[in-house]
Amino acid sequence: MTQVITSIQEWQAIRQKITTTKNIGFVPTLGNLHIGHQSLLEKSKQQNEITVLSIYVNRTQFNDPKDFNDYPRTFASDIELAKNIGIDFIIMPEDCALYPDDYCYHVNEMDFSRFLEGPYRPGHFSGVLTIVLKLFQIVKPTRTYLGEKDYQQLELIRGMVKAFFLDVEIVACPTIREADNLPYSSRNSRLSSSERNQASKFPAIFFQKKSCEEITNELLNAGFIVDYIQDYQHRRYGAVKIGAVRLIDNYARI
Ligand code: AMP
């Protein structure tokens, strides 16, 4: 049976009683769950005795307050999805409970976080790393499941685990895509139907075997605002905007 927990203290009491022989898989999310999140949860279910899902819309990783306010909060359907998969625990902490420091302590990465998404989302990765560290300390998972869709985030969390000797194994999960190859994302639901049609052109252009410059020009001609198309360590990364909606993607280049 799925247990929904809103109190950190209540979870900590449960966590203390879980024997060390049981593996705990952890999937941190902002909620508004879709098939991409579901794939992470299912993998965790396969590989661990216990799976913990966190749903928390973390204010500090939104550089734009409007984006934070507009972020879809669909807790009832999220809980339903998790129950259907048979997730053991859903942790939904209250806002202030995760920040007893009143937002004074931050994890800052000084290198990779400054590239790609970094300049477009000031403070974003610091917000992500800080909340993920807090959640790791609370959940104390054996493994955590993260999507390759947010590859820069995945790499930065990997780096934090190494830097701070955190005792958690990171399991990278492949990007789950819609029929037209657009990655599933909570942001896709904010696209109007004509914008959604246009969004199809993003993967169609992005995955071509052409230079970053050629891809950028084709995206611009197709009506996108292009934040970047960039190669970094054998991987191609891209971020575009359609109106107010920002789409990101990446793939390994062999
Ligand atoms: P979010 O709720 O957007 O913070 O995402 C929570 C986790 O789900 C992150 O590790 C994401 O990388 C992962 N995720 C989101 N969308 C997808 C997708 N389409 N395929 C695979 N993983 C995803």
Side-chain angles (χ1 to χ4, degrees), residues 1-12 14-15 24-62 64-99 124 127-128 130-141 143-150 153-154 157 168 170-178 182-191 196 245-248:
M1 211 191 60
T2 305
Q3 241 178 293
V4 181
I5 298 170
T6 54
S7 150
I8 294 174
Q9 284 75 18
E10 189 189 341
W11 161 253
Q12 284 173 323
I14 294 170
R15 180 66 186 87
I24 299 181
F26 175 45
V27 181
T29 76
L30 302 174
N32 193 226
L33 303 182
H34 50 66
I35 298 175
H37 300 114
Q38 191 172 326
S39 72
L40 273 54
L41 291 164
E42 281 168 350
K43 197 160 195 177
S44 172
K45 279 277 294 176
Q46 285 160 14
Q47 298 184 344
N48 301 280
E49 281 95 352
I50 293 171
T51 291
V52 178
L53 158 70
S54 70
I55 298 176
Y56 180 65
V57 187
N58 175 42
R59 179 188 301 274
T60 66
Q61 71 192 71
F62 288 82
D64 176 1
K66 187 174 174 337
D67 197 25
F68 171 72
N69 288 329
D70 291 351
Y71 200 84
R73 289 152 172 90
T74 51
F75 301 133
S77 58
D78 291 349
I79 293 170
E80 201 54 36
L81 181 144
K83 279 186 178 166
N84 288 339
I85 307 173
I87 297 310
D88 302 281
F89 297 101
I90 308 175
I91 301 184
M92 304 173 70
E94 280 160 22
D95 211 7
C96 53
L98 277 164
Y99 290 93
H124 168 67
V128 169
T130 305
I131 192 66
V132 168
L133 178 60
K134 284 170 183 269
L135 290 168
F136 282 173
Q137 294 303 99
I138 293 165
V139 175
K140 299 188 194 297
R143 305 188 178 97
T144 189
Y145 293 78
L146 303 170
E148 290 185 346
K149 176 186 163 271
D150 301 285
Q153 168 177 288
L154 166 67
I157 295 173
V168 54
I170 290 183
V171 183
C173 304
T175 304
I176 308 297
R177 299 172 179 280
E178 300 200 37
L182 188 71
Y184 278 97
S185 166
S186 307
R187 290 169 202 279
N188 296 357
S189 61
R190 290 199 224 161
L191 295 165
R196 181 63 190 81
V245 182
R246 199 154 175 282
L247 305 172
I248 62 168

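All values below were derived from every heavy atom in this structure, side-chain atoms included, with hydrogens, water molecules and symmetry-related copies excluded. Since this is a predicted model, take the numbers as computed values, not measurements.
- Considering every non-hydrogen atom in both Leu98 and Lys134, the closest pair reads O-NZ, 2.8 Å.
- Between Lys45 and Gly86, the closest heavy-atom pair is NZ-O, 3.0 Å.
- Note that CG of Leu135 and OG1 of Thr130 are 11.0 Å apart. Values are rounded to the nearest 0.5 Å.
- With rounding to the nearest 0.5 Å, the separation of CD in Glu80 from OG1 in Thr2 is 9.5 Å.
- By the 30° and 60° cut-offs, the orientation of the rings of Phe26 relative to Phe136 is perpendicular.
- For Tyr184 against Gly36, the heavy-atom pair with the smallest separation is CB-N, 4.3 Å.
- When side chains are defined from C-beta on, Phe89 does not count as touching Val139, because their heavy atoms never get closer than 4.5 Å.
- Closest non-hydrogen pair, Gly25 versus Ser44, comes out as CA-OG, 3.3 Å.
- Partner Ile24 forms a side-chain contact (heavy atoms from CB on, under 4.5 Å) with one of Val52, Asn48, Val168, Asp88 and no other, that one being Val52.
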### Query
Going through the checks in order, is the side chain to side chain contact (heavy atoms under 4.5 Å, CB included) test met by Asn188 and His34?
CA-CA 11 Å; Asn188 296 357; His34 50 66; over 6 Å; no
| side chain to side chain contact (heavy atoms under 4.5 Å, CB included) assessment of Gln61 paired with Val132 | CA-CA 11 Å; Gln61 71 192 71; Val132 168; over 6 Å; no
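- Shortest non-hydrogen contact noted between Leu146 and Pro28 is CD2-CG, 4.1 Å.
- No hydrogens or angles considered: a donor-acceptor pair under 3.5 Å links the side chains of Tyr99 and Asn58.
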Let me see the working for Asp150 and Leu154 under side chain to side chain contact (heavy atoms under 4.5 Å, CB included), right down to the final yes or no.
-> CA-CA 6 Å; Asp150 301 285; Leu154 166 67; over 6 Å; no
**Study point:** Criterion side chain to side chain contact (heavy atoms under 4.5 Å, CB included) on Ile14 and Gln3, from CA distance to verdict
**Key:** CA-CA 11 Å; Ile14 294 170; Gln3 241 178 293; 3.7 Å; yes
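- For the pair Pro183 and Lys149, the tightest heavy-atom approach, listed with the atom from each and the gap, is CB-CD, 4.0 Å.
- Of the options Gln47, Glu42, Lys43, a side-chain hydrogen bond (donor to acceptor under 3.5 Å, both in side chains) to Tyr145 is made by Gln47 and by none of the others.
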